[in-house]
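Please read the structure below before turning to the comments.
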Amino acid sequence: MSGKETGEKRQGKIRQAFLCAFPKTIPIMMGFLFLGMSYGIYMKVSGFSFLYPLCMSIVIFGGSLEFVAVTMLLGSFAPLQTFLMALMIQARHLFYGIALLEKYKGTGWKKAYLIFGLCDESFSINCSTEVPEGVDKGWFYFFVTILNQSYWVLGATAGGVLGSFIKFDTEGLDFVMTAMFVVIFLEQWLKEKKHYTALIGVLASAVCLLVFGADSFLIPTMVCILCFLTVFRKPIEKAGGLS
Amino acid sequence: MTLLQEIITVALCALATMATRFFPFFVFRADKPTPKYILYLGKALPAAIFGMLVVYCLKNVNVFTGSHGLPELIAIALVVLLHLWKRNMLLSIAGGTVCYMVLVQMIF
């Protein structure tokens, strides 16, 4: 009898957390379905079956890197460059993790998935939301994370499938990746008072591109960026332009 | 690339991603201060990395031949203007991409 009661209680707790989490993720749903589909279509027109966006959106689950991975898959095999590039693109997760150390404490078995599925959007919801009194925070974080990932996986896979039915000329569709990075870069730019770090990124890449060429400029660029950021740490921090 | 090389490439992307997600939970403690240098990199890296990714997207544009990078320049200008105007990420991306597709298919 009491076992049944706890079962019902548990179900109620889970449902309540879901109802609290779902509305928070609706704006993300729009964005992820759109970007996910663009990514899936982009993969399809680049010659990959929908299985690629499906698997990649599950195991990587990071929009920027997944877009870049398409270019990498089309190029020649360069494991070291791939790994370093992925580390640099995803490095920001380190700081999400630090900010969430306390919040994700005591979430039990869900914690492993919360960390696995940590993305910019889930971070911003889970970090900024005060989970209402009486709502289980572990389940709340869990639903935010898994709903966001489902939107992305769904969008990417749908894009991969729909990509084969596209009748119009898709030349130039790959610009979607450029446009996305320009927007994110612009957002970063607008957030800063001074633009030292943004300029370091652009200039280091441009110079390395000229010196090393399109196929091998990434690793030198990443080394340069880390060196410049380290050497000029004092003036950059003093300028106070970092958000 | 062979299928195996593709799998390795995707696996490395996933591995690097997971390393960045799990690392803090294994290394840092909520009750101990995080090294200042790490916090600094956290704030300073994103703008630099996204700057690099923009250049990465344009790495094969040649300003001396073909369309001289004009379609890219025009479409990026449109993305920036749209974004400054409406601050709507999806609109900026969609508008810029459609503009670029029209430019490369019909004009250049």
What residue in [options] has the most heavy-atom pairs under 4.5 Å with chain B?
options	value
A:Phe83, A:Phe67, A:Phe228	A:Phe83
A:Glu102, A:His93, A:Met177	A:His93
A:Met72, A:Glu66, A:Arg233	A:Arg233
A:Glu187, A:Met180, A:Lys111	A:Glu187
A:Thr82, A:Leu199, A:Leu35	A:Thr82
A:Met222, A:Met88, A:Lys105, A:Arg92	A:Met88

On a heavy-atom basis, which atom in [X] and which in [Y] lie closest, and how many Å separate them?
X	Y	value
A:Ala214	B:Asn60	CB-OD1, 3.7 Å
B:Ala47	A:Glu192	CB-OE2, 3.4 Å
A:Ala69	B:Cys13	CB-SG, 4.3 Å

Can you tell me how far apart [atom1] ([X]) and [atom2] ([Y]) are? Round to the nearest 0.5 Å.
X	Y	atom1	atom2	answer
A:Thr197	B:Leu41	OG1	CG	11.0 Å
A:Met30	B:Met89	CE	CE	16.0 Å
B:Phe25	A:Leu114	CZ	CG	8.0 Å
B:Leu91	A:Phe34	CG	CZ	9.0 Å
A:Phe61	B:Thr17	CZ	OG1	11.0 Å
A:Leu229	B:Leu45	CG	CG	5.5 Å

Donor-acceptor pair, distance only, cut-off 3.5 Å: does the side chain of B:Gln105 make one with the backbone of A:Glu171? yes
Checklist line | Short side-chain to backbone donor-acceptor contact, B:Tyr40 and A:Ile236, under 3.5 Å | finding: no
Given a strict heavy-atom distance threshold of 4.5 Å, which part of [X] is in contact with chain A: side chain, backbone, both, or neither?
X	answer
B:Met18	side chain
B:Ala94	both
B:Leu78	neither

So the ring-ring contact (aromatic ring centres under 6.0 Å, His included) pairs with at least one residue in residues 193-214 of chain A (sequence neighbours excluded) are A:Trp189-A:His195
The complete set of ring-ring contact (aromatic ring centres under 6.0 Å, His included) pairs with one or both residues in residues 66-108 of chain B, sequence neighbours excluded, reads A:Phe175-B:Tyr100
As an exercise: rank [options] by heavy-atom pairs under 4.5 Å with chain A and give me the winner.
options	value
B:Leu103, B:Val55, B:Leu39, B:Thr2	B:Val55
B:Ala11, B:Ala19, B:Cys57	B:Cys57
B:Met52, B:Arg21, B:Arg87	B:Arg21
B:Leu58, B:Val27, B:Ile38	B:Ile38
B:Ile49, B:Thr97, B:Thr20	B:Thr20

Which atoms of [X] are under 4.5 Å from chain B, going by heavy atoms: the side chain, the backbone, both sets, or neither?
X	result
A:Ile115	both
A:Ser64	side chain
A:Phe116	both
A:Leu87	both
A:Phe48	side chain
A:Leu100	both
A:Thr178	both
A:Leu118	both
A:Leu73	both
A:Leu84	neither
A:Tyr104	side chain

side-chain contact (heavy atoms from CB on, under 4.5 Å) evaluation trace for A:Val202 with B:Val54
CA-CA 8 Å; A:Val202 172; B:Val54 171; over 6 Å; no
- Decide yes or no on side-chain contact (heavy atoms from CB on, under 4.5 Å) for A:Thr221 and B:Tyr56, but give the supporting numbers first. CA-CA 10 Å; A:Thr221 302; B:Tyr56 176 72; over 6 Å; no
Q) When the ring planes of A:Phe181 and B:Phe50 are compared, do they come out parallel, tilted or perpendicular, using 30° and 60° as the limits? A) tilted
*Any side-chain heavy atom of A:Ile89 sitting closer than 4.5 Å to one from B:Leu53?*
yes
Contact list (residues 70-77 of chain B to chain A, heavy-atom gap under 4.5 Å, by number) returns B:Glu72, B:Ala75, B:Ile76
Taken in chain and number order and not counting sequence neighbours, the residues that satisfy side-chain hydrogen bond (donor to acceptor under 3.5 Å, both in side chains) with A:Tyr96 are A:Asp120
